[in-house]
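Shown next, in structure tokens, is the structure this report addresses.
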Amino acid sequence: MTTPVTEALASEGARRIAWAGRGMLALWEIADRQASEGSLRGLRVGIANVLEPKTANLALALTRAGADVSVHAGAAETMPSVANALSEMGVSVFADMTGDEASDLAAARAFLEWRPQILIDDGALLIRLAHAEFPELLPTMMGAAEVTTSGVRPLRQMATEGALGVPVIAINDAPTKHLFDNVYGTGQSCVMALLDVTNLQLAGRIVVVLGYGYVGKGVARNAAALGARVVVCELDPVKALQAHYDGCRVSTLADIARRAEVVFASTGVPGALTPDHIALLKDGAILCTPGGGAYELPMDHLRKHGTRTDVRPHVADYQLPDGKHVLVIAEGDWINLMAAEGNPIEVMDLSMSVQSLAAEAIAIGFKGHAPGVYRLPSEMEETIARIRIAHENASIEELTPELEAAMRSW
Amino acid sequence: MSGDENSGQAQIAWVQRHSPVLDEFVRGKLSDGALKGVKVAVVVHLEAKTAFLATILADAGADVVIAGSNPRTTNGAVVEALRGRGLDVVSEASGTHETWEQELLAAADREPELVIDDGAELTLRMAKFRPNLFQKLRGVSEETTTGTARLRSMHAEGQLPFGALTANDARCKMLFDNRFGTGQTTIQAFLRLTNRQIGGARFVVIGYGAVGRGIAQYARALGAVTGVVETDPVRALEAHMDGHEVGPTSAVLPGATAVITATGGIRAIGAAELEFLTDDVVLANAGHHDLEIDVDALAARASSEGPARTGITTYRVDDRDIHVLTNGALVNIAGGSGHPIEIMDLTFAVQGLGAHYLATNTLTPGVHVLPKELDDAIAAAKLRSLGIVLDDVKPDQYDDIREWTDGGSQG
């Protein structure tokens with residue numbers, strides 16, 4: 001297995017792409033199969049996602065499979081060295097690296113005007129833009145794939161209202177994505193980013209995790225491994241009980257806020273932490289979000305009432321009128337993307353593989369599907385885990401006829 | 001004020017915010033004037049936490065000179081900030097081994113009475129190159145395991161004319177800095193430099209002292225499968241009972257995705273061990289020496305070498321790619337931001353009190369440990385800052401051995 005860029009390379013961006021490629025074994029093995037089968041050959045595949053080395057590998061893997069690939073990202077989500085390197089390797093890049101919101105929108109429009117037949121989206125921004133501004137494109141599209149949980153939500157709503165014009169595969173519904181990326185990837189990368197940004201310990205600290213979904217679970221596990229005393233706040237009694245059995249304390253935020261030293265808001269819901277909670281928080285508490293976005297935190301309240309000081313890169317200190325300090329990492333945006341390098345390579349191999357298989361599923365089977373939200377067929381997904389298990393020098397049991405019969409008997 | 005100086009001051013202020021022991025307890029102990037006018041050389045990795053210790057000593061009236069203990073770990077912004085506060089810094093960032101030697105000699109030529117040393121780097125050089133000034137030294141407080149071993153060797157050879165303290169052997173240093181500090185930050189730097197995942201990775205640690213144990217403990221807690229190589233049978237047994245796979249390099253290295261050296265010696269990975277490494281393995285060093293991974297032997301054996309990304313060099317050996325982080329320098333410092341602040345608050349409290357103890361006591365030549373009551377007082381101060389209260393020992397908790405020796409209870 002070789003990526004197109006394993007040789008010593010002149011540019012930092014190309015080297016970063018090559019380094020990530022070393023760990024993305026499933027993605028490249030799948031690309032080789034797709035290339036020989038030709039299912040993606042000649043199709044225009046557009047990827048709208050954070051433009052960093054792992055996304056670059058997806059673009060290059062789909063190129064290897066024979067697709068004509070382009071990538072779009074906003075200026076804030078684009079690593080210029082990677083974008084330049086990708087461009088030099090023949091992938092069309094629609095990103096204005098020095099731009100603002102207006103130029104991001106212009107780049108997004110240009111990307112859609114390139115008429116992708118298959119669109120891989122992150123947050124459903126481009127799918128929605130296509131519906132709003134380029135409805136004539138929809139009949140020419142074979143389908144789309146949406147990576148995130150928060151992006152699938154509006155698409156289901158559109159489907160319910162009969163407003164969705166293309167079939168969409170919900171990437172996050174694939175177990176190979178949410179059981180791994182969200183738990184191991186986001187958990188590790190967010191907790192480690194906090195350590196890197198602050199130069200502090202978690203050992204002995206009270207770390208509050210808001211929301212015990214897959215991301216919250218991963219954050220809690222990694223924080224506990226580093227010695228934190230983890231307290232989980234949940235609405236859902238089943239998830240709360242699970243947190244309890246995982247060894248976390250379970251509490252309302254109002255009850256624990258006075259002792260909270262670090263808060264990870266991982267609910268994906270706006271307003272999870274309110275100005276009332278801010279009033280209760282321990283002086284010097286650190287707030288950040290590993291998943292959804294700054295909307296989980298009362299940033300408007302902090303900006304309006306607090307005096308802001310940049311204390312070190314990615315760390316802002318908001319001092320409130322009563323003298324209390326509240327520290328916010330990366331202005332409340334995803335800590336692992338804004339203040340670090342995103343999720344680890346191995347776990348993104350799984351997520352990117354799901355995306356490349358989704359493109360393939362759309363290419364071979366979704367032409368006739370009615371608009372709606374679909375899952376990736378589980379037999380396709382299973383190949384990803386099989387490839388990685390083999391590469392990890394692990395082996396799994398074979399299903400014997402006896403076992404198969406035993407499992408079917410009733 | 002330059003941008004660098006501003007940034008350096010902000011870094012030091014952040015350290016102060018999270019260093020209650022140094023800022024309150026140690027500052028208080030040092031305010032008795034014992035260090036007034038005493039020339040103290042601080043020779044530790046020159047970054048924001050060391051800088052804060054230096055300011056505490058200076059605030060106590062000491063005449064401080066500061067040098068970096070490794071040419072690759074000096075932070076330029078912090079140097080500017082210290083100079084901006086009027087402190088004497090002899091080191092520059094981005095120096096070479098040659099300029100570093102000159103810097104250490106410049107620190108020696110300031111004629112320090114006390115040295116807070118790391119790896120005994122200044123002490124060794126003063127003994128060798130400045131014998132007259134060395135004779136005038138009143139004491140040394142040493143930071144590391146490696147430096148403590150060096151001082152003990154000097155004493156064994158009759159070459160240590162003064163009393164030295166090993167901060168390393170104080171419980172408030174060894175139990176926390178070596179294990180939790182190096183453990184956490186080595187893994188942290190490894191992951192940051194590589195963007196790799198730890199869950200399911202196979203981490204091998206060479207050397208199961210306090211540092212190796214901390215690394216193995218954190219790696220496993222974060223989801224890695226762990227292996228340990230150790231030559232000391234007691235430590236190896238400890239590693240086994242801690243649940244790590246234990247064996248010789250020939251058995252434990254093959255299949256490792258990461259190998260971390262933590263022996264405190266040199267050539268833990270030399271020419272012979274290279275043969276046991278699997279393609280795509282990442283090597284990193286957590287010990288004091290830049291020589292634990294024999295990078296020269298690796299380069300000699302490799303058909304090509306080149307940068308993989310920042311902080312990573314890839315060597316091609318036969319059909320295997322072997323990656324080395326930060327050229328084998330201490331990965332948590334050269335490739336990260338060093339120890340967590342809270343840990344260094346404890347370690348530098350030991351060093352600060354050590355300097356004070358050396359200034360107020362005359363020790364016999366040899367290597368001593370900070371008195372237990374001072375060590376305990378540091379932990380007590382840390383607990384106080386956390387609002388943690390302890391029980392006192394009750395008199396009836398003691399096993400009264402006198403009842404037996406006096407025969408009283410049998411009567």
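Within every chain, numbering begins at 1; the chains are lettered A, B, ... in the order of the sequence lines, protein sequences first and strands thereafter.
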Evaluate side-chain contact (heavy atoms from CB on, under 4.5 Å) for Val315(A) paired with Trp14(B), printing each intermediate quantity in order. CA-CA 10 Å; Val315(A) 184; Trp14(B) 180 255; 4.0 Å; yes

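For a residue to count as touching a neighbouring chain, one of its non-hydrogen atoms must lie under 4.5 Å from one of that chain's; by this rule Asp317(A) touches chain B with the side chain only. The part of Arg205(A) that comes within reach of chain B is its side chain, from C-beta onward, which places non-hydrogen atoms under 4.5 angstrom from that chain. Contacts between Thr198(A) and chain B at a heavy-atom distance below 4.5 Å involve backbone atoms as well as side-chain atoms. At a 4.5 Å heavy-atom cutoff, Leu386(B) makes no contact with chain A through either its backbone or its side chain. For Val191(A), no part sits under 4.5 Å from any heavy atom of chain B, backbone or side chain. Proximity to chain B (any heavy atom under 4.5 Å) is shown, for Asn222(A), by both the backbone and the side chain. Only the side chain of Thr314(B) comes within less than 4.5 Å of a heavy atom in chain A; its backbone stays farther off. Residue contact with chain A, scored on non-hydrogen atoms closer than 4.5 Å, involves the side chain of His323(B) exclusively. Both the backbone and the side chain of Ile341(B) come within less than 4.5 Å of a heavy atom in chain A. With a 4.5 angstrom heavy-atom cutoff, Thr185(B) does not touch chain A via any of its atoms. With a 4.5 angstrom heavy-atom cutoff, Gln188(A) touches chain B only via side-chain atoms.
Ranked by heavy-atom pairs shorter than 4.5 Å toward chain B, the options Asp310(A), Leu195(A), Val311(A) are led by Leu195(A). Contact tally against chain A (heavy-atom pairs below 4.5 Å) for Glu342(B), Met344(B), Arg17(B): the top residue is Glu342(B). Ranked by non-hydrogen atom pairs under 4.5 Å with chain B, the options Ile345(A), Asn343(A), Val347(A) are led by Ile345(A).
In this structure, the side chain of Gln197(B) does not engage the main chain of Met348(A) through any donor-acceptor pair within 3.5 Å. Panel note: side chain Gln188(B), backbone Met192(A); no donor-acceptor pair is recorded below 3.5 Å. With Trp19(A) contributing its side chain and Asn195(B) its backbone, the two residues share no donor-acceptor pair below 3.5 Å.
Taking 4.0 Å as the cut-off between side-chain N and carboxylate O, Glu346(A) and Arg196(B) count as a salt-bridged pair. A salt bridge does not link Asp279(B) to Arg22(A): none of the charged side-chain nitrogens sits closer than 4.0 Å to a carboxylate oxygen.
In Asn393(A), the CG atom is not crowded: 12 or fewer heavy atoms of neighbouring residues, nucleotides or ligands sit closer than 6.0 Å. Taking a 6.0 Å sphere around CZ of Arg308(A), one finds it holds more than 12 heavy atoms contributed by other residues, nucleotides or ligands. Surrounding OH of Tyr214(A) are at most 12 heavy atoms belonging to other residues, nucleotides or ligands under 6.0 Å away.
Considering OG of Ser81(A) and CZ of Arg309(B), their distance stands at 10.0 Å, rounded to 0.5 Å.
By a heavy-atom distance cut of under 4.5 Å, Tyr218(B), Ala221(B), Leu222(B) are the residues of residues 215-223 of chain B near chain A, going up by number.
Residues Asn199(A) and His18(B) fail the side-chain proximity criterion, which asks for heavy atoms closer than 4.5 Å.
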